[in-house]
Amino acid sequence: FVVSGGIGVTKNIICAGNVSIGNNATPDTNLHVKGTGTDILKIESTAAGAQGANLIMHHGSASPADNDVISLIQFNGLDDSNNSTTYSSIRAVATDVSNNSESGDITFHTRHNGTFDERLRILSSGEMGLGSDNPPTGSFTIRLTETPEFNLYSTQHAQNNNCKIN
């Protein structure tokens with residue numbers, strides 16, 4: 001189909017299926033945008049206020065549950081065998097969906113030597129774990145893949161007012 005019109009003309013496109021822009025194949029997602037350059041998508045706001053464009057990714061589940069991944073951004077590419085591979089992602093996790101006590105974490109995942117796993121988590125309370133999905137309260141925790149462990153606790157931490165190195 002063709003959509004035409006001048007400036008200020010509002011267009012409504014109603015489709016019964018998936019939409020593809022720049023791709024002649026049938027899309028396998030609701031919207032598939034394909035281009036040959038590096039600038040594929042632009043979301044722009046011309047509002048005069050202090051806030052710019054707002055991208056909302058909404059999980060409208062009829063049965064929300066604790067620890068649902070409510071939104072994610074994936075960074076995919078091809079490997080040397082032409083397989084589509086997720087190399088990293090950022091996820092929003094609804095850790096508590098109880099009304100009036102909702103909480104959510106942000107997690108960062110990467111692929112290392114073929115293994116895709118969570119590498120960093122920022123808890124809803126502000127604690128952060130690098131290599132740990134459950135850092136102690138009031139801390140920034142780093143867990144290495146080998147035996148050594150390094151924990152840096154805030155001065156308000158109940159267990160230790162200093163650095164702890166194991």
Side-chain angles (χ1 to χ4, degrees), residues 11-47 49-146 149-152 154:
K11 303 287 186 271
N12 291 324
I13 302 172
I14 301 172
C15 300
N18 297 339
V19 176
S20 177
I21 300 172
N23 182 16
N24 292 332
T26 302
D28 58 357
T29 58
N30 293 76
L31 175 63
H32 183 159
V33 180
K34 183 177 182 178
T36 57
T38 55
D39 298 334
I40 305 296
L41 177 64
K42 181 178 185 177
I43 300 172
E44 181 177 351
S45 171
T46 58
Q51 180 174 323
N54 187 12
L55 176 63
I56 298 173
M57 300 190 321
H58 178 82
H59 184 239
S61 172
S63 57
D66 289 356
N67 298 312
D68 279 356
V69 175
I70 57 171
S71 296
L72 69 108
I73 301 171
Q74 287 188 176
F75 303 95
N76 294 7
L78 298 177
D79 66 14
D80 63 3
S81 293
N82 209 34
N83 298 306
S84 181
T85 302
T86 301
Y87 286 93
S88 57
S89 74
I90 303 170
R91 300 178 184 188
V93 181
T95 56
D96 185 352
V97 297
S98 303
N99 189 35
N100 295 321
S101 67
E102 299 89 351
S103 296
D105 297 352
I106 295 177
T107 62
F108 295 81
H109 303 250
T110 62
R111 182 173 302 281
H112 177 70
N113 288 333
T115 301
F116 189 79
D117 205 356
E118 180 179 321
R119 309 298 179 189
L120 173 69
R121 179 177 290 246
I122 302 173
L123 301 181
S124 61
S125 57
E127 283 84 30
M128 185 168 66
L130 182 61
S132 170
D133 62 1
N134 192 17
T137 302
S139 72
F140 169 72
T141 300
I142 300 174
R143 283 206 168 66
L144 304 173
T145 55
E146 291 131 21
E149 181 180 285
F150 175 79
N151 293 294
L152 177 63
S154 73

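Everything numeric here is computed off the predicted structure, so don't read it as measured data.
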Closest contact, heavy atoms only, His32 versus Pro27: CB-CB, 3.8 Å
Distance, nearest 0.5 Å, that separates CZ of Arg111 from CG of Asp117: 10.5 Å
Spacing of CD1 belonging to Ile73 relative to CZ belonging to Arg91, to within rounding of 0.5 Å: 12.0 Å
Donor-acceptor contact present, side-chain Thr29 to main-chain Leu31, <3.5 Å: yes
Approximate separation, where rounding is to 0.5 Å, of Ile122 CD1 and Asp105 CG: 9.0 Å
Ser89 side, atom OG; Leu72 side, atom CG - distance, nearest 0.5 Å: 6.0 Å
Under 3.5 Å donor-acceptor, Thr85 side chain and Asn83 backbone: yes
Pair Thr107-His109, side-chain donor/acceptor within less than 3.5 Å: yes
Least distance between heavy atoms, Tyr87 atom then Leu78 atom: OH-O, 3.5 Å
Asp96-Ser98 side chain donor-acceptor pair, cut-off 3.5 Å: yes
Where Ile70 and His59 come nearest, the two heavy atoms and their spacing: O-CB, 3.3 Å
Main-chain N/O of Val97 paired with Asp66 side-chain donor or acceptor, under 3.5 Å: yes
Distance, nearest 0.5 Å, that separates CG of Asp68 from OG1 of Thr95: 10.5 Å
Interatomic distance, Ile21 atom CD1 to Lys34 atom NZ [nearest 0.5 angstrom]: 13.5 Å
Minimal non-hydrogen separation, Ala53 against Glu44, with atom names: CB-C, 4.4 Å
Main-chain N/O of Gly52 paired to Ser45 side chain as donor or acceptor, under 3.5 Å: no
Sub-4.5 Å side-chain heavy-atom contact between Asp28 and Asn18: no
